[in-house]
Amino acid sequence: MPRALIYTTVGALLLAGAAALFAPASLLDGPLAARTDGRLRLVDTRGLWWKGRGVVAAATGSARLPVAWRLDAIALAQGHVRIVVGDGDNGSPRGTVVVHRDGLGIDRLHARVPASFASALAPPLRALSPGGMLVVDAQHLDVMPQRTTGALDAQWIGASIATGPLTASLGTVSFALSSIADGVSGTVRNDGGDVSIDGVITGSGRRVEAALTLKANPGASDGLRALLPLLGPTDNAGNVRVAWSGRR
């Protein structure tokens with residue numbers, strides 16, 4: 001091979017490598033939008049694709065979440081993709097994400113996420129306009145296409161939903177989920193608010209089901225008391241049973 005061609009080839013490879021290495025963090029907006037059908041975007045980015053920061057924003061403009069990340073170079077040299085999320089800023093999520101062939105491994109996750117993000121990820125929830133803040137903690141999760149293993153605890157602080165002129169305060173809603181032999185199982189209950197909530201959540205494969213017991217608290221409005229029986233059957237104690245199922 002002529003020496004000039006060798007120099008040209010090496011130069012082109014070095015240029016391509018430099019271009020990939022110094023690609024901006026904004027490059028990640030496209031994959032995020034594609035994976036969420038355009039419901040989430042990465043905006044206000046700074047830095048590079050492997051070490052940067054930005055804001056995950058709902059396309060509707062209803063929620064924004066600052067994020068920071070860096071790719072672990074040592075792990076990458078060993079053939080592993082390990083991403084450290086967070087940089088000590090208490091306002092952004094933190095944890096470690098390991099990408100493997102079957103899915104993702106998530107360690108020491110802590111995140112405070114506006115509840116309005118739920119309606120961005122699940123459009124049917126937009127009609128309920130969820131308010132408040134979700135605080136999520138998990139020591140370890142393995143997220144795979146057909147199954148998630150591990151345990152997760154979450155609190156929905158200042159929880160509220162609204163539909164039309166009716167707004168309901170739900171106080172603080174607590175979730176505790178853990179994996180079982182064929183899926184996940186957990187509990188949901190709340191403290192305070194206009195409605196008491198107690199129930200269970202189960203999941204298997206891509207199927208998620210919830211069975212909840214709801215009851216209006218003394219301070220609930222007449223409109224809310226009239227609405228609850230429309231959600232499911234009512235027993236002699238005034239408890240409303242609600243069953244829901246869907247796909248994740």
Side-chain angles (χ1 to χ4, degrees), residues 25 28-29 31-32 35-36 40 42-58 63-118 120-122 130 132-159 172-191 201-204 206 208 248:
L28 301 180
D29 173 52
L32 176 63
R35 291 294 297 271
T36 61
L40 297 180
L42 182 63
V43 301
D44 299 339
T45 55
R46 287 179 286 164
L48 306 174
W49 69 270
W50 56 270
K51 185 179 182 182
R53 60 191 308 118
V55 174
V56 176
R64 293 169 62 89
L65 179 69
V67 293
W69 68 90
R70 64 176 174 85
L71 195 65
D72 188 327
I74 295 177
L76 188 62
Q78 297 171 342
H80 307 292
V81 178
R82 183 173 181 267
I83 305 166
V84 179
V85 179
D87 58 0
D89 183 352
N90 290 332
S92 63
R94 62 178 184 268
T96 302
V97 179
V98 178
V99 182
H100 50 77
R101 183 173 57 185
D102 298 324
L104 300 175
I106 302 174
D107 291 308
R108 297 180 297 279
L109 170 67
H110 174 78
R112 294 176 59 89
V113 182
S116 51
F117 264 112
L121 294 173
M133 185 70 66
L134 287 170
V135 181
V136 182
D137 288 283
Q139 279 300 304
H140 179 74
L141 293 172
D142 276 320
V143 182
M144 294 169 282
Q146 297 297 327
R147 187 182 176 198
T148 297
T149 61
L152 178 147
D153 293 306
Q155 286 191 316
W156 182 7
I157 300 172
T172 296
V173 184
S174 299
F175 305 86
L177 299 174
S178 59
S179 57
I180 56 177
D182 58 350
V184 296
S185 178
T187 60
V188 53
R189 56 179 52 93
N190 75 324
D191 181 21
I201 301 173
T202 58
S204 179
R206 293 187 176 275
V208 179
R248 65 180 178 91

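Please read all numbers here as calculations on a predicted model, not as lab measurements.
Across Leu152, Leu104, Thr149, a single residue satisfies side chain to side chain contact (heavy atoms under 4.5 Å, CB included) together with Leu141, and that is Leu152.
The distance from atom CE of Met133 to atom CH2 of Trp156, rounded to the nearest 0.5 Å, is 12.5 Å. Considering CD1 of Ile157 and CZ of Arg112, their distance stands at 5.5 Å, rounded to 0.5 Å. Here CG of Leu177 is found 7.5 Å from OG1 of Thr187. Values are rounded to the nearest 0.5 Å.
A pairwise comparison of heavy atoms in Leu28 and Trp49 identifies CD1-O, 3.7 Å as the closest pair. The minimum heavy-atom distance linking Pro93 with Val85 is given by the pair O-CG1, 3.6 Å. The two atoms that bring Gln155 and Ser174 nearest to each other are NE2-OG, 3.6 Å, heavy atoms only. Between Ile106 and Leu109, the shortest heavy-atom contact is CG2-CB, 3.9 Å. What you find for Ile74 and Asp72 is that their closest heavy atoms are N-OD1, 3.0 Å. Closest non-hydrogen pair, Gly158 versus Thr172, comes out as N-OG1, 4.5 Å.
Evaluation of the salt bridge (charged side-chain N to carboxylate O under 4.0 Å, His left out) rule for Arg46 yields no partner, not counting sequence neighbours.
Proximity of Leu32 to Val56: side-chain heavy atoms (C-beta onward) are separated by under 4.5 Å at one or more points.
Counted within 6.0 Å of CG on Asp191, heavy atoms from surrounding residues, nucleotides or ligands total 12 or fewer; the atom is thus considered open.
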Next item on the list: With side chain to side chain contact (heavy atoms under 4.5 Å, CB included) as the test, would you mind laying out the steps for Val97 and Trp69 before giving the verdict?
Entry: CA-CA 10 Å; Val97 179; Trp69 68 90; over 6 Å; no

Margin query: I'd like to know whether Val173 forms a side chain to side chain contact (heavy atoms under 4.5 Å, CB included) with Val188, so could you lay out the CA-CA distance, the side-chain angles of the two residues, the decisive distance to 0.1 Å, and finally the verdict.
Written below: CA-CA 7 Å; Val173 184; Val188 53; 3.7 Å; yes

Item checked: Residue pair Val135, His110: steps toward the side chain to side chain contact (heavy atoms under 4.5 Å, CB included) verdict -> CA-CA 7 Å; Val135 181; His110 174 78; 3.8 Å; yes

